[in-house]
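Quick notes on the structure that follows.
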Amino acid sequence: GREKPDEGALANADTGEEVTWAHFDRATTALAMKLVELGFAKGDFFATSLPFLTQHVLLEYACFRIGVVVVPLDLRLKPPEVIRSLGLVRPRGYAFLGQTEHADFRELGVAVMAHCPFVEHLVQFSPEDQAVPDGAVRAQALAADAMAIGARVRSDPADPLLGRYRELAASVGEDDGALVIFTTGSTGYPKPALLSHRNITCQNMCLGAAFGMDAPGDRMLVNLPPSHVGGQTEQLMTPLFYGTQAVLLHIFDAEKTLKAIQEYRVTSFGQIPALFAMQWRLPSYGDYDLSSLNFALYGGQQVSRKFLEQLATMARGFGTGLGLTESAGFCTYTPLDGTVDDILAGVGYDMPVYPMTIRAPMAADGAAGEVLPDGETGQICFEGPQTFLGYVNDPQATAQAISSDGFLYTGDMGYVDEQELHFSGRAKHVIKPKGYQVFPAQVEDHFSELATKVGLCAVVGVEHAVY
């Protein structure tokens with residue numbers, strides 16, 4: 001950013017906003033100082049129920065500067081689910097939307113105030129003419145205070161707040177927590193997986209290098225949710241890591257995605273297969289100019305030859321790999337110049353910095369199982385700097401995912417040969433509609449609460465033409 005302060009860091013396809021690297025630096029620094037003034041410190045959590053607003057991204061990076069851990073929640077969560085999620089991480093801050101065309105998200109803020117006393121600061125992101133619940137502040141007021149602080153410390157370098165900010169910022173290390181993404185983990189209800197700065201930046205480095213997303217002038221489209229590693233660590237943070245531009249969409253929309261690619265000359269983007277299928281089904285699909293696309297990335301679901309043949313007509317390059325929340329995103333990568341046959345053959349290769357092994361199940365003492373010979377199916381494991389720090393406040397679940405000698409058990413089964421990793425299935429019972437992990441027991445529990453109407457309930461996965 002310091003090398004090219006006037007070039008674009010963020011572009012917002014919904015609002016037309018452009019954020020230069022100079023503004024990105026000033027805004028995130030000022031917001032970070034405002035958070036310090038409010039009492040936030042390294043190791044605190046700040047949760048959000050927001051789409052990819054420009055201001056949301058700036059808030060996230062302000063938190064990163066001072067070691068505050070960001071916890072983006074799924075916007076589909078209802079108040080009881082939000083309350084449960086917040087109870088697991090006990091954040092000091094919570095940001096939420098106001099009333100939109102889809103729902104009145106102020107209900108979330110009211111519910112959090114009523115049931116989460118540990119949340120000290122609530123921020124509502126909405127137009128200024130919308131009412132704000134008592135006890136919350138407007139995002140505009142927070143931003144205005146932050147910019148005033150920025151101007152004040154620029155005119156007075158001896159300001160004590162600047163000293164406190166610099167001290168906090170200097171204390172943040174690469175192995176400190178940065179981001180929590182909720183995942184099913186190895187089994188059970190969603191768990192808060194804590195990712196470090198090093199986990200994320202290592203994944204950024206590998207993803208950009210593997211799929212050629214690291215060239216000056218590249219633009220990555222961000223159209224997946226903030227609550228998913230696909231949206232956060234892959235789409236948003238990879239271009240910001242490389243100093244290229246991220247093009248934001250608030251929420252996924254098939255038509256808006258194609259329009260953004262055309263208008264902003266997007267060079268790379270990634271989606272789950274269901275979202276590609278939704279775009280290809282649009283009557284207007286052929287009207288859009290997608291010639292800027294150098295690479296289209298997919299993940300989260302297995303695909304057919306027909307899917308890959310269609311994808312090959314969309315971008316000059318395409319590929320996939322194995323990825324999971326606990327490794328901050330992708331950890332294997334198909335060849336950059338891979339053909340349809342290459343990509344159907346397997347799910348790619350690991351990187352030297354984050355090596356993969358196929359192992360027997362974890363031993364009773366918590367140590368990793370033995371390495372299995374090539375061709376033999378076993379547990380897909382990784383070791384190195386992308387392995388997450390653990391599930392927040394859940395050492396037992398963490399020990400089931402990371403062996404005592406440091407190997408991440410992904411919960412996926414596979415084998416390797418001279419032609420890369422081959423995926424064999426999941427060791428855990430998870431259904432993946434639209435790329436999301438759905439734990440069947442959680443759905444069963446929901447219907448079983450209707451005790452007078454439901455006697456027995458079982459959930460199974462059924463193939464869908466799109467999802």
Side-chain angles (χ1 to χ4, degrees), residues 10-17 50-54 56-57 72 74-77 97 100-103 211 213 218-232 234-236 238-239 245-320 323 329 343 431-438 462-467:
L10 301 173
N12 190 312
D14 283 293
T15 66
E17 294 170 280
L50 299 171
F52 265 129
L53 308 172
T54 302
H56 186 193
V57 176
D74 192 328
L75 273 171
R76 301 173 302 171
L77 296 183
L97 287 171
T100 73
E101 60 181 310
H102 302 291
F211 292 135
M213 301 173 179
D218 277 357
R219 293 185 181 91
M220 169 81 88
L221 182 65
V222 183
N223 68 342
L224 296 178
S227 58
H228 195 283
V229 286
Q232 285 280 4
E234 295 166 8
Q235 288 185 335
L236 173 67
T238 299
Q245 189 174 48
V247 178
L248 308 175
L249 276 179
H250 292 169
I251 58 174
F252 173 80
D253 179 280
E255 191 101 37
K256 285 183 178 180
T257 294
L258 301 176
K259 185 179 178 183
I261 293 171
Q262 175 178 279
E263 291 188 356
Y264 288 90
R265 307 300 294 164
V266 167
T267 57
S268 60
F269 80 131
Q271 301 178 146
I272 60 169
L275 304 187
F276 284 105
M278 292 170 68
Q279 288 152 0
W280 296 338
R281 287 170 175 242
L282 290 172
S284 59
Y285 172 72
D287 297 337
Y288 288 96
D289 178 5
L290 309 180
S291 61
S292 61
L293 284 175
N294 292 326
F295 202 84
L297 177 64
Y298 75 90
Q301 293 169 291
Q302 293 177 289
V303 300
S304 65
R305 175 178 290 275
K306 182 180 178 182
F307 173 92
L308 290 176
E309 289 172 346
Q310 177 73 41
L311 188 61
T313 68
M314 193 177 195
R316 283 180 282 279
F318 58 98
T320 189
I343 294 171
I431 303 169
K432 297 199 74 175
K434 296 176 71 175
Y436 286 98
Q437 296 198 90
V438 175
V462 178
E463 186 175 351
H464 189 280
V466 176
Y467 300 136

**Study point:** Flag side-chain contact, heavy atom, 4.5 Å: L249 against L224
**Key:** no

Practice item. Please name all residues satisfying salt bridge (Lys or Arg N to Asp or Glu O under 4.0 Å) with R305, sequence neighbours left out, ordered by chain then number. Key: D341

Practice item. Would you please say whether a donor-acceptor pair under 3.5 Å links the side chains of N223 and Q271? Key: yes

**Study point:** Close side-chain approach of L275 to F252, heavy-atom, < 4.5 Å
**Key:** yes

Review point. How about H228 and D74: does a side-chain donor come under 3.5 Å of a side-chain acceptor?
Key: no

Revision key, fill the gap. In short, P239 meets M220 closest at the heavy-atom pair CG-CB, 3.7 Å

Point to revise | Pairwise side-chain contact, L311 with W280, heavy-atom cut-off 4.5 Å (strictly under) | key: yes

Check your understanding: N294 and S268: side-chain donor and acceptor closer than 3.5 Å?
Key -> no

Check your understanding: F276 vs F307 aromatic rings, parallel, tilted or perpendicular, using cut-offs 30° and 60°?
Key -> perpendicular

Review point. Is the shortest heavy-atom distance from the side chain of L221 to the side chain of Q235 under 4.5 Å?
Key: no

Review point. Taking the side chain as C-beta and beyond, is there a heavy-atom pair between E234 and V229 under 4.5 Å?
Key: yes

Review point. Heavy atoms, side chains only, cut-off 4.5 Å: are L10 and F52 in contact?
Key: no

Review point. Going through the distances and angles, do K259 and D253 end up as a salt bridge (Lys or Arg N to Asp or Glu O under 4.0 Å)?
Key: CA-CA 10 Å; K259 185 179 178 183; D253 179 280; over 6 Å; no

Review point. With a 4.5 Å heavy-atom cut-off, do Y285 and L290 have their side chains touching?
Key: yes

Review point. If you count the non-hydrogen atoms of other residues, nucleotides and ligands that lie under 6.0 Å from CD in Q302, is the total more than 12?
Key: no

Practice item. Would you name the heavy atoms of G16 and Y264 that are closest together and state the gap between them? Key: CA-OH, 4.0 Å

Exercise for review: Examine the side chains of Y288 and Q279 and answer whether a donor and an acceptor come within less than 3.5 Å of each other.
Suggested key: no

Point to revise | Pairing of R265 and D289 as salt bridge, 4.0 angstrom limit | key: yes

Practice item. Using a 4.5 Å cut-off on heavy atoms from C-beta on, say whether the side chain of R316 contacts that of L293. Key: no

**Study point:** Polar side-chain atom of T267 near backbone of R219 as donor-acceptor pair, under 3.5 Å
**Key:** yes

